[in-house]
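To start, the structure under review is shown below, and the notes come after it.
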Protein chains: 2
Amino acid sequence: MLIPMDPHLLRTFTAVARTGSFSAAAQELGYTQSAVSQQIAALEADLGMPLLTRRPVGTTEAGTRLLEHAEPLLLRLAAVRTELRRLVAAPSARLAVGLTPLADSGALAAALARLRVEQPLLRVTVETTDAAAALAALATDGLDLALVDGIAAPTDPLRLPEADQPPTAALAVSEEPLVLVLPPGHPLAHRAALRLADLADARWLDAPEAAVPLAALRAAARTDGFHPHLAYRGTDPHALTALVAAGHGLAVLPRRCAAPALAAVPVGEPRLLHRTELRHPRHPAAAVTRLLDLLD
Amino acid sequence: MLIPMDPHLLRTFTAVARTGSFSAAAQELGYTQSAVSQQIAALEADLGMPLLTRRPVGTTEAGTRLLEHAEPLLLRLAAVRTELRRLVAAPSARLAVGLTPLADSGALAAALARLRVEQPLLRVTVETTDAAAALAALATDGLDLALVDGIAAPTDPLRLPEADQPPTAALAVSEEPLVLVLPPGHPLAHRAALRLADLADARWLDAPEAAVPLAALRAAARTDGFHPHLAYRGTDPHALTALVAAGHGLAVLPRRCAAPALAAVPVGEPRLLHRTELRHPRHPAAAVTRLLDLLD
DNA sequence: GTCAATTACGATTATCGTAACAATG
DNA sequence: CATTGTTACGATAATCGTAATTGAC
């Protein structure tokens, strides 16, 4: 097996590439400028090729490639340490739960309530995040449990942006149909069902945190299209409802999330479901195990 | 970010864990016994917990966890180096292709023939492997191209055992129906179609290299069952045919592979296809790019 | 000329090998 | 007592910081 390259150098390299400066990277990592320079030189010598351009600092072709691998590599390295520390640490009286905005949190909330009766001293925190951040936080001990959502064909597990994390365990929580939400007077509002592919050229609301992201629709319909007509950054369902009602564009939601003020038409063909999954580290803390029991 | 643990130590740790001996690991890695002992001690001190038991040498709970992560981590580290070396190396006059036994190689073979006319000096090698080994070889420059197969729902990409490799690019090559092969006189031989779930308790042939692996059927039907009645290790279709004809058990094959001597019944419900995909590094060598052009 | 990266160099630290030691079966 | 892992210790090499130097705008 080849001699592995030094993760210290890799970390320094990512810092330089990210900040675009040797000095800034040095400050960030607590080195001197000189040390950073030497580390980069050592990495370039080790790999036998230039990785960065100087003045201005930027990544070469090879550097770009290396960067693609270095980040997940370092993340996983940190995750391993975290997992092992969690193994020996006293079972913390903490349960940190992450939720994605559209996840169906009903069953989990109920189970959490029961758990708190059993273990009143447990410090429970709940926060909303996005799926990628939640999975990273699971790996680095920021979260103990993540309730994530997405769309998938009826029997498929969710495809989440796992980057290069250690694998997590998944538990399906709920499935529900997807609907297209429209202004009440919209010509399509009275259709019994709609095909996703036929809607590729409609006016779409780009609301990745408040509705199913357009990228997911593109992937499901296997087309380009679904171009954003107006972007909404935020998670507020009322804001989304107002934007749709005002005709700024369409959105796809799990049926549970469709506001009564809007028309909602089921999306059939391809047959897609909105799924909510509970993800946790493969070797979860005791509180997580107990919570999973309570979910049944 | 945490200080990453040293891959040298990780590599030494995996060697000790694998060989079950400090001395054997030392010999394998070209160290002295003493150095290995010091490296393990350093790793244990770094992580703050024992990783190995001594006399006999074995992994502790924490060591087992670490091992699960260390192997993919080291593999990926090696893969990065390979990818970068490939980037600057002179375009090699080599094209190494890996095939899984059931992959549909017709189109690829034809394209390869055309390529060899264009580039007679190109050294082409073809070998059969399994999917996991092929993907690992793509990462470490053992292969330039892998033709892999598997079963999946109609529009799904294949789910391959990627371990923790850098991602590869995929190109769908062919799809075909799956059939159940039976002895000609079998009671089920004249059915128009069969449901997979109804067959979970039949007598199955466990022939992971010559037919669809039973594990894949279990995953597709989402049941236990499909217990092996007789195991065949090998890739020879004639041997498989003989075993099925003699009534040793059933097998599922892509339709193209079903021998005329056997009865073949389509498998419907769930709707599954046998897919063949071409996988290559995301930044392939020139010969690979040309071959992909010739495939269209 | 100024700002930023590189190089020179000495001090500190890390890591290896040799060899003595300890423990286990 | 033989085998195998650990510890002690000295030699070597790696890596950092200070400070001088080079190079680009």
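Chain A is the first sequence line, chain B the second, and so forth, proteins listed ahead of strands; every chain is numbered from 1.
- One can place CD1 of B:Ile40 at 13 Å from P of D:dT7, the figure rounded to the nearest angstrom.
- In terms of polar N and O atoms assigned as donor or acceptor, the side chain of A:Ser37 never comes within less than 3.5 Å of the base of C:dT7 in a complementary pairing.
- For A:Thr32, the side-chain atoms get nearest to D:dT18 when compared with the rest of C:dA5, D:dT15, D:dT18.
- Backbone-only contact: A:Gln39 has heavy atoms under 4.0 Å from sugar-phosphate atoms and none from a base.
- Residues A:Leu10 and A:Ala70 approach most closely at CG-CB, 4.0 Å, considering heavy atoms.
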Output side-chain donor-acceptor pairs under 3.5 Å for residues 57-65 of chain A, partner residues at least two apart or in another chain, one line each.
{"residue": "A:Thr59", "atom": "OG1", "partner": "A:Thr64", "partner atom": "OG1", "Å": "3.0"}
{"residue": "A:Thr60", "atom": "OG1", "partner": "A:Pro50", "partner atom": "O", "Å": "3.0"}
{"residue": "A:Thr60", "atom": "OG1", "partner": "A:Leu51", "partner atom": "O", "Å": "3.2"}
{"residue": "A:Thr60", "atom": "OG1", "partner": "A:Ala62", "partner atom": "N", "Å": "3.4"}
{"residue": "A:Thr60", "atom": "OG1", "partner": "A:Gly63", "partner atom": "N", "Å": "3.0"}
{"residue": "A:Glu61", "atom": "OE2", "partner": "A:Arg65", "partner atom": "NE", "Å": "3.3"}
{"residue": "A:Glu61", "atom": "OE2", "partner": "A:Arg65", "partner atom": "NH2", "Å": "3.0"}
{"residue": "A:Thr64", "atom": "OG1", "partner": "A:Thr60", "partner atom": "O", "Å": "2.8"}
{"residue": "A:Arg65", "atom": "NE", "partner": "B:His283", "partner atom": "ND1", "Å": "3.4"}
{"residue": "A:Arg65", "atom": "NE", "partner": "B:His283", "partner atom": "NE2", "Å": "3.1"}
{"residue": "A:Arg65", "atom": "NH2", "partner": "B:His283", "partner atom": "ND1", "Å": "3.2"}

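- What separates CG of B:Leu9 from P of C:dA14 is a distance of 13 Å, to the nearest Å.
- Using a 4.0 Å heavy-atom criterion, one finds that B:Ser23 contacts the sugar-phosphate atoms exclusively.
- Atom-to-atom, CG of B:Asp6 to P of C:dC16 comes out at 9 Å; the value is rounded to the nearest Å.
- Atom CG in B:Asp46 sits roughly 12 Å away from atom P in C:dA14 (whole-Å rounding).
- For a distance-only test at 3.5 Å, the side chain of A:Gln38 qualifies as a donor-acceptor partner of the base of D:dG17.
- Taking only side-chain nitrogens and oxygens, A:Gln33 comes nearer than 4.0 Å to OP1 or OP2 of C:dA5.
- Rounded to an integer number of Å, the gap from CZ of B:Phe22 to P of D:dT3 is 19 Å.
- When only modelled atom types and interatomic distance are considered, B:Thr82 and B:Asp141 share no side-chain donor-acceptor pair under 3.5 Å.
- Defined by atom type and a distance below 3.5 Å, a donor-acceptor pair is missing between the side-chain atoms of A:Glu209 and A:Thr235.
- Computed from coordinates, the B:Glu44 CD to D:dG5 C1' distance equals 12 Å when rounded to whole Å.
- Atom-to-atom, CG of A:Leu29 to P of D:dT15 comes out at 16 Å; the value is rounded to the nearest Å.
- A straight line from CE of A:Met5 to P of D:dT15 spans 15 Å, rounded to a whole angstrom.
- Under the salt bridge (Lys or Arg N to Asp or Glu O under 4.0 Å) rule, B:Asp144 has a single partner from B:Arg290, B:Arg279, B:Arg94, which is B:Arg94.
- Nearest nucleotide to the B:Ala35 side chain, out of C:dG17, C:dT15, D:dG17: C:dG17.
- If you check every strand for non-hydrogen atoms under 4.0 Å, A:Val36 touches nothing.
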